[in-house]
2 protein chains.
Amino acid sequence: MGSKQLTSCTISSRHCACFEQLTNAEQKRVEENTAIVKYKKGELICKQGAMASQILYIESGLAKVFLDNGNDTLVLKVIPPGNLLGLTSIGSENSTFQYSALAYVDSVVKQIEISCFKEMLHTNPKFASEVIEILISNTVQINGRFFCLTHKQSYGRLADILLCLADRIFYSQDFLLPLSRKELAELSGISAETVVRMLKKVNDEGLIATEGKNLRILDYHKLKIISEMG
Amino acid sequence: MGSKQLTSCTISSRHCACFEQLTNAEQKRVEENTAIVKYKKGELICKQGAMASQILYIESGLAKVFLDNGNDTLVLKVIPPGNLLGLTSIGSENSTFQYSALAYVDSVVKQIEISCFKEMLHTNPKFASEVIEILISNTVQINGRFFCLTHKQSYGRLADILLCLADRIFYSQDFLLPLSRKELAELSGISAETVVRMLKKVNDEGLIATEGKNLRILDYHKLKIISEMG
DNA sequence: TGTTACAATTGATCCATATCAACAATTTAC
DNA sequence: GTAAATTGTTGATATGGATCAATTGTAACA
């Protein structure tokens with residue numbers, strides 16, 4: 001079924017494989033043009049509208065990428081370790097960051113000079129191909145999320161988020177939630193109060209169990225159905 | 001202001017410049033692997049989930065690209081002449097179309113063999129770079145639309161569509177609407193009835209004038225404000 | 001040319017979820 | 001270890017738009 005892809009709402013999963021395509025010499029050159037920066041939980045990694053002279057790579061931690069117009073905010077994706085961030089800045093028209101990114105938890109970020117990155121694109125076709133793969137993967141991802149946030153209602157969206165956290169971030173049905181209700185709300189495009197209510201609902205129905213920050217998925221299959229039903 | 005980009009909701013605008021990067025020999029090779037197909041208004045150009053062995057290029061006409069899960073549909077973008085369609089299919093993971101496309105009006109479409117397209121990517125770095133530019137441009141576009149459809153309310157969204165039609169499709173403040181209310185509704189992510197009501201509202205307020213299929217924008221500036229206010 | 005289908009319009013009703021307000025629980029800071 | 005601040009929870013209310021239903025164009029069609 002072609003609709004399979006659509007049911008998934010949310011999170012960047014593809015491991016970025018572009019640097020593996022570089023020769024040793026090229027890798028060395030990239031390393032020379034790389035800085036490593038540590039961000040604390042809650043710190044801004046990049047700011048929408050600011051000049052972008054580096055491509056970012058999440059070495060460890062977890063970050064959200066979001067758009068903001070001053071009043072509202074839209075989380076485009078969540079970035080787990082091993083992924084690039086700020087690829088849109090290599091476009092000739094976009095020398096500034098098209099979005100902001102913020103560390104959900106303490107994170108380590110590699111900053112790679114954009115000029116160096118672009119150089120690799122021009123000299124190494126395999127690298128370029130891999131970057132294209134990443135861009136396409138991002139696009140498919142965002143499209144799915146777009147669909148979900150515009151067509152599913154809050155119960156289904158919350159189910160989505162829970163499944164994503166389990167499947168794509170923690171690789172476990174039992175994890176410590178690093179996100180507040182407000183952050184969960186923002187992530188699923190609903191209000192914090194509604195998140196509480198929906199969370200209560202899945203809890204009451206015995207699909208999850210929570211104690212403190214700990215969250216355990218009890219009925220994965222039913223959550224999946226809720227997610228797919230919208 | 002970084003927020004400038006966000007206010008725009010909708011439509012693919014970038015002219016695709018990748019083929020200009022090819023050598024004469026390469027262009028010839030692409031031509032040999034290209035078929036030209038004419039679609040009538042309302043015909044399906046590609047179908048979500050179907051095998052994709054060609055990249056498509058809209059030579060003339062107008063098409064919508066949309067996701068569909070059987071119940072709901074989401075228009076991702078509108079494609080005017082001079083743009084590629086189906087680029088997501090060059091990803092190694094996506095040999096099938098990730099979305100459907102339908103001709104809004106009679107359209108001429110070039111079909112380029114995907115293998116040939118990929119070959120160019122691997123042999124011509126400038127071509128690859130330009131494809132990357134296109135992908136990024138698409139991403140930025142979709143992100144903006146994503147934000148608008150999740151955070152603006154219907155009045156603002158309708159204003160967006162009207163402005164997009166004028167600015168990016170017809171290049172005129174006075175044009176014949178080729179879209180039904182239902183199509184406008186789908187495009188702005190609201191119901192057809194609400195489109196009628198909002199259209200009536202802008203009409204009553206003297207911002208547009210309609211007679212039959214003809215639509216004329218009378219107060220561009222005010223529409224812009226409505227669009228930006230949400 | 002009437003008939004049948006479809007598109008547009010208008011009004012009435014309903015519903016999901018935001019918003020507001022009050023309070024409890026937990027974390028942070030000094 | 002207590003005060004202050006933030007986060008979580010719950011209930012009551014408000015509202016933007018969807019949905020439903022009825023009516024009127026409008027275009028295809030035999």
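The analysis underlying the following values was restricted to heavy atoms, covering all of them including side chains, and did not include hydrogens, waters or symmetry mates. Here is the naming used below: chain letters follow the sequence lines, and residue numbers restart at 1 for every chain.
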Nucleotide-resolved protein contact map, nucleotides 12-26 of chain C, B/S/- at heavy-atom distance under 4.0 Å: B---SSSBB------

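- One interatomic measurement links the two molecules: CG of B:L184 to P of C:dT9, which rounds to 10 Å at whole-angstrom precision.
- Not counting sequence neighbours, B:E193 has no partner by the side-chain hydrogen bond (donor to acceptor under 3.5 Å, both in side chains) test.
- Classified by interplanar angle (parallel below 30°, tilted 30° to 60°, perpendicular above 60°), the ring pair B:F170/B:F175 is parallel.
- Across the protein-nucleic acid pair, B:K41 atom NZ and C:dA7 atom C1' stand 12 Å apart, rounded to whole Å.
- In this structure, B:K213 places its NZ atom 12 Å from C1' of D:dG25, rounding to the nearest Å.
- Side chains of A:D160 and A:S188: no donor on one and acceptor on the other come within 3.5 Å.
- Rounded to an integer number of Å, the gap from B:R181 CZ to C:dC6 C1' is 14 Å.
- Per the geometry, CD belonging to B:E211 stands 17 Å off P belonging to C:dA8, to the nearest Å.
- Contact detail for A:I55 and A:F117: the closest heavy-atom pair is CG1-CG, 3.9 Å.
- Of the listed nucleotides (C:dT10, C:dA7, D:dT10), C:dA7 has the atom at the smallest distance from the side chain of B:S180.
- Atom P of nucleotide D:dG17 and atom CG of B:L158 are separated by 11 Å, given to the nearest angstrom.
- Applying the side-chain hydrogen bond (donor to acceptor under 3.5 Å, both in side chains) criterion to B:S191, with sequence neighbours excluded, gives B:T194.
- Atom P of nucleotide D:dG16 and atom CE of B:M229 are separated by 13 Å, given to the nearest angstrom.
- What separates CG of A:L199 from C1' of D:dT10 is a distance of 14 Å, to the nearest Å.
- Salt-bridge check for A:E186 with A:K64: passed, with a basic side-chain N closer than 4.0 Å to an acidic carboxylate O.
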